[in-house]
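Excluded from the calculations below are hydrogen atoms, water molecules and symmetry mates; all remaining heavy atoms, backbone and side chain alike, are included. In the text below, chain A, chain B and the rest are named by the order of the sequence lines, each starting its count at 1.
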2 protein chains.
Amino acid sequence: MPPRKSITLTEAELRLMKMLWVRGESAVSELVAAMPEGEALAYTSVLTTVRILEQKGYVRHRQEGRAFLYSPCVEEQEASRSEVRHMMQRFFGNSRERLLLSLLGDDEIDPEELQRLKEAIASAADDLNPTHGDDAAVNGAPGGLAARKVAL
Amino acid sequence: MPPRKSITLTEAELRLMKMLWVRGESAVSELVAAMPEGEALAYTSVLTTVRILEQKGYVRHRQEGRAFLYSPCVEEQEASRSEVRHMMQRFFGNSRERLLLSLLGDDEIDPEELQRLKEAIASAADDLNPTHGDDAAVNGAPGGLAARKVAL
DNA sequence: AACATAGTATAAATAAATTAGTAGGATTAA
DNA sequence: TTAATCCTACTAATTTATTTATACTATGTT
């Protein structure tokens with residue numbers, strides 16, 4: 001059985017999403033023009049990828065004159081969280097705690113940063129209001145994203 | 001330019017690595033036999049993947065009689081951390097703090113778990129001894145893994 | 001109206017990822 | 001010694017991911 005279609009963002013897809021998150025609604029030609037120096041892409045390359053993103057539910061488009069304007073319909077924060085959940089499943093038995101401890105236990109972390117993280121956690125934990133939905137709390141796979149799209 | 005060879009663990013690769021982390025040194029036939037019910041694989045399929053893993057530096061082999069015995073040469077913890085670093089680069093501008101806040105800010109988290117996480121962080125932060133190497137602190141890409149291989 | 005221009009749609013080419021079939025070599029069994 | 005068995009090596013088929021060329025369509029210009 002060959003590889004399944006990726007549910008998360010691939011490299012080319014993420015590159016485009018980052019541009020859309022920064023620029024907001026954009027025509028394909030604008031995305032092409034906004035490509036960073038040295039990694040220019042053909043118009044049709046961008047078009048193909050942005051259409052895949054639309055199939056995946058990450059962007060939508062509306063017509064303005066004869067051009068399509070694409071805009072993200074999944075926020076960067078939500079896409080990032082989907083990605084975190086995905087890797088939490090793959091590598092940490094779906095345990096936030098294990099992921100978190102791995103993050104803090106990294107050898108390459110220096111003491112000052114660790115201190116900053118502790119402070120950030122302390123203040124963040126207070127701000128977070130525990131209003132959470134009761135549906136589909138465990139998955140985090142494609143369903144997690146789809147369910148969220150409705151909520152947006 | 002077509003997709004670049006993946007530096008992180010693909011699905012089939014991770015599946016095998018998990019078995020090797022649990023079982024330790026194993027012959028290909030043993031891995032085939034140990035495959036979970038319903039996702040059996042042909043001998044050659046496992047062989048191909050484990051050879052890719054060897055190319056990537058995740059496993060090594062020695063000869064025992066006429067069979068090759070494969071054993072992991074990257075620990076699960078280290079592979080997981082490489083993966084975390086990779087996604088930290090892709091989605092969080094290489095900032096541990098941003099990843100951590102995203103993790104704690106997830107809507108689907110419930111108050112009790114948040115409390116558990118805070119406690120885990122508090123105790124973990126004390127235990128972590130700040131003895132960190134001074135080399136290659138920023139990368140986390142393929143180099144991060146390669147550099148670690150030497151240290152193991 | 002003829003022509004250039006700008007945009008989308010379709011098709012295709014390349015490489016990676018996954019799975020497996022077949023061939024060949026060595027060891028064991030009859 | 002011949003046959004069966006077990007293992008690796010090579011080859012291949014399929015799908016996804018990435019990129020682009022070509023064709024087609026509509027708008028605007030001369």
Side-chain angles (χ1 to χ4, degrees), chain A residues 1-19 25-36 38-71 83 86 90 141-142, chain B residues 1-20 25-36 38-71 83 86 90 142:
Chain A
M1 217 183 310
R4 291 102 183 82
K5 196 175 301 186
S6 162
I7 50 185
T8 57
L9 288 172
T10 64
E11 289 309 309
E13 289 164 5
L14 177 58
R15 203 192 318 148
L16 270 188
M17 285 306 294
K18 281 180 174 172
M19 295 176 64
E25 190 179 60
S26 307
V28 177
S29 57
E30 294 173 323
L31 294 173
V32 173
M35 271 286 172
E39 43 183 310
L41 279 183
Y43 184 97
T44 45
S45 306
V46 175
L47 179 62
T48 303
T49 303
V50 85
R51 277 165 117 188
I52 293 173
L53 283 169
E54 189 163 35
Q55 282 176 11
K56 286 192 175 184
Y58 281 92
V59 306
R60 54 187 158 72
H61 81 274
R62 67 184 183 88
Q63 192 144 16
E64 178 75 27
R66 57 189 176 280
F68 287 179
L69 298 183
Y70 289 89
S71 52
E83 210 76 23
H86 188 242
R90 297 213 316 152
Chain B
M1 217 183 308
R4 291 99 182 83
K5 196 174 301 187
S6 162
I7 50 184
T8 57
L9 288 172
T10 65
E11 289 309 309
E13 289 163 7
L14 176 57
R15 203 191 319 148
L16 271 188
M17 285 307 292
K18 281 180 175 173
M19 296 175 64
L20 284 168
E25 190 178 59
S26 306
V28 177
S29 56
E30 294 174 323
L31 294 173
V32 172
M35 271 287 172
E39 43 182 311
L41 278 183
Y43 184 97
T44 45
S45 305
V46 174
L47 179 61
T48 304
T49 303
V50 84
R51 277 165 117 188
I52 292 173
L53 282 169
E54 191 163 33
Q55 281 177 12
K56 286 191 175 184
Y58 281 93
V59 307
R60 53 187 159 72
H61 81 274
R62 66 184 184 89
Q63 191 143 13
E64 177 75 27
R66 56 189 176 279
F68 285 0
L69 297 183
Y70 289 89
S71 52
E83 210 76 24
H86 188 242
R90 296 212 316 151

| For B:Glu64 and B:Arg62, what are the C-alpha separation, side-chain angles and deciding distance, and is it a side chain to side chain contact (heavy atoms under 4.5 Å, CB included)? | CA-CA 7 Å; B:Glu64 177 75 27; B:Arg62 66 184 184 89; 2.9 Å; yes
| query | Taking atom P of D:dA17 as reference, at what distance in whole Å does atom OH of A:Tyr58 sit? | reply | 12 Å
| Polar side-chain atom of A:Glu39 near backbone of A:Pro36 as donor-acceptor pair, under 3.5 Å | no
| Separation of atom CD in A:Glu64 from atom C1' in C:dA6, rounded to whole Å | 15 Å
| message | Any side-chain to backbone donor/acceptor pair from B:Arg4 onto B:Pro2? Under 3.5 Å, distance only. | response | yes
| said: What is the distance, to the nearest angstrom, from the CG atom on A:Leu47 to the P atom on C:dA11? | reply: 14 Å
| query | To the nearest Å, how far apart are A:Leu31 CG and D:dT19 P? | reply | 14 Å
| Got A:Tyr70 and A:Leu47 here, is their nearest side-chain heavy-atom distance under 4.5 Å? | yes
| remark: Rounded to whole Å, the CZ-P distance (B:Phe68 to D:dC6) equals 18 Å
| request: Would you check if B:Val59 and B:Met17 make a side-chain contact, meaning some heavy-atom pair closer than 4.5 Å? | output: yes
| Pairs satisfying side chain to side chain donor-acceptor pair (under 3.5 Å), at least one member in residues 44-53 of chain B, at least two apart | none
| note | Output for pair (B:Ile7 CD1, B:His86 NE2), nearest 0.5 Å, gives 4.0 Å
| task | Take atom CE of A:Met35 and atom C1' of D:dT20, then tell me their distance rounded to the nearest Å. | result | 13 Å
| query | If only atom types and distance count, is the side chain of B:Lys56 paired as donor or acceptor with the main-chain N or O of B:Ser6 below 3.5 Å? | reply | yes
| task | Respond yes when some side-chain nitrogen or oxygen of B:Thr44 is under 4.0 Å from OP1 or OP2 of C:dA20, and no when none is. | result | no
What does the list of N/O pairs under 3.5 Å between the protein and nucleotides 13-18 of chain C look like, with a distance for each?
| unit_1 | atom_1 | unit_2 | atom_2 | d |
| --- | --- | --- | --- | --- |
| C:dA17 | OP1 | B:Ser6 | N | 2.7 |
| C:dT18 | OP1 | B:Thr10 | OG1 | 3.4 |
| C:dT18 | OP1 | B:Glu11 | N | 3.2 |
| C:dT18 | OP1 | B:Ala12 | N | 3.2 |
| C:dT18 | OP2 | B:Thr10 | OG1 | 2.5 |
| C:dT18 | O3' | A:Met1 | O | 3.0 |

| request: Would you kindly compare B:Ser45 and A:Gln63 by the position of their nearest DNA chain C nucleotide and give the one closer to the 5′ end? | output: A:Gln63
| So, B:Arg90 side chain and A:Leu14 main chain: donor-acceptor pair closer than 3.5 Å or not? | no
Report all interatomic pairs (protein N or O, nucleotide N or O of nucleotides 28-30 of chain C) with separations under 3.5 Å.
none

| note | Whole-Å distance, A:Glu30 CD to C:dA6 C1', equals 13 Å
| request: Send over the distance from A:Leu9 CG to D:dT16 P, rounded to a whole Å. | output: 17 Å
